[in-house]
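What you see below is based on every heavy atom in this structure, not just the backbone, and it leaves out hydrogens, waters and symmetry mates. Since the model is a prediction, treat every value here as computed from it, not as a measurement.
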Amino acid sequence: MERIASFSVDHTKLPVGMYLSRTDFGDIDTYDVRMKAPNAGEYLSTGAAHTFEHLFATYARNSRFGPHVVYIGPMGCRTGCYLLVKGLPRVDAIALAREAMEFVRDFTGEIPGAKLEECGNYQDHDLPAAKRVAAEMAETLRGWTEEQLQYAAYLA
């Protein structure tokens, strides 16, 4: 089998940030939104990742970028999430991620989609932890550029 792009990245060197992982079908970009340094001993708790996913997806799909959003989902390694967009300029993908982080950081109220009848694991949410991670990532993405999206410096 062919090795996928994200496995070709040296996970001992990849820092927190946002990276373009791949482009499929000419206009679907997959972004690696890396919120914790890989293999550094600190990971997203499942509750934080779950709440973050609900809030990021809700914000993104309701934002001005919503028509371009294909998918948002957590990484199994609990170091970040994937953002898939269709036909969205890269500078706008960065803006979307940054704005979503600010939304999560500042969120108050009931977590969208977190009721028994709406969620497959409705009891496993952690809003304070999701807000902390989003605050850290919002700071990381402040001033992030298209040039910084490249994995090239971190290839194994």
Testing the 3.5 Å rule here: is there a donor-acceptor pair between the side chains of [X] and [Y]?
X    : Y   : answer
R22  : T30 : no
T23  : D29 : yes
D124 : T46 : yes

Are the charged groups of [X] and [Y] less than 4.0 angstrom apart, N to O?
X    : Y    : answer
K115 : E110 : yes
R64  : E99  : yes
E136 : K36  : yes

Work out which heavy atom in [X] is nearest to a heavy atom in [Y]; give both atom names and the distance.
X    : Y    : result
L127 : G109 : CD2-O, 4.1 Å
V16  : A37  : CG2-N, 3.6 Å
A48  : A129 : CB-CB, 3.6 Å
I72  : A60  : CD1-CB, 3.4 Å
G17  : W144 : CA-CH2, 3.6 Å
G80  : M35  : CA-CE, 3.6 Å

E2, CD atom: more than 12 neighbouring heavy atoms under 6.0 Å: no

Distance, nearest 0.5 Å, that separates [atom1] of [X] from [atom2] of [Y]:
X    : Y    : atom1 : atom2 : answer
Y31  : L96  : OH    : CG    : 9.5 Å
M101 : Y59  : CE    : OH    : 11.5 Å
D32  : L83  : CG    : CG    : 10.5 Å
M18  : R90  : CE    : CZ    : 10.5 Å
E53  : C119 : CD    : SG    : 8.0 Å
I28  : L84  : CD1   : CG    : 7.5 Å

Tell me whether [X] shares a hydrophobic cluster with [Y], the cluster being built from Ile, Leu, Val, Met, Phe, Trp, Tyr side chains joined at under 4.5 Å.
X    : Y    : answer
L55  : V70  : no
V104 : L141 : yes
M137 : Y43  : no
V9   : M75  : no
L20  : Y151 : yes

Between Y154 and Y19, ring centroids under 6.0 Å: yes

Given 3.5 Å as the limit, does a donor-acceptor pair link the side chain of [X] with the main chain of [Y], or not?
X    : Y    : value
H54  : P112 : yes
H68  : K86  : yes
D92  : L88  : no
E118 : A114 : yes
H125 : G47  : no
R98  : E102 : no
Q148 : T145 : yes

Audit row: E42, R78, salt bridge (charged side-chain N to carboxylate O under 4.0 Å, His left out) steps and yes/no: CA-CA 9 Å; E42 185 182 337; R78 296 184 294 126; over 6 Å; no

Heavy-atom side-chain contact between L44 and T79 under 4.5 Å: no

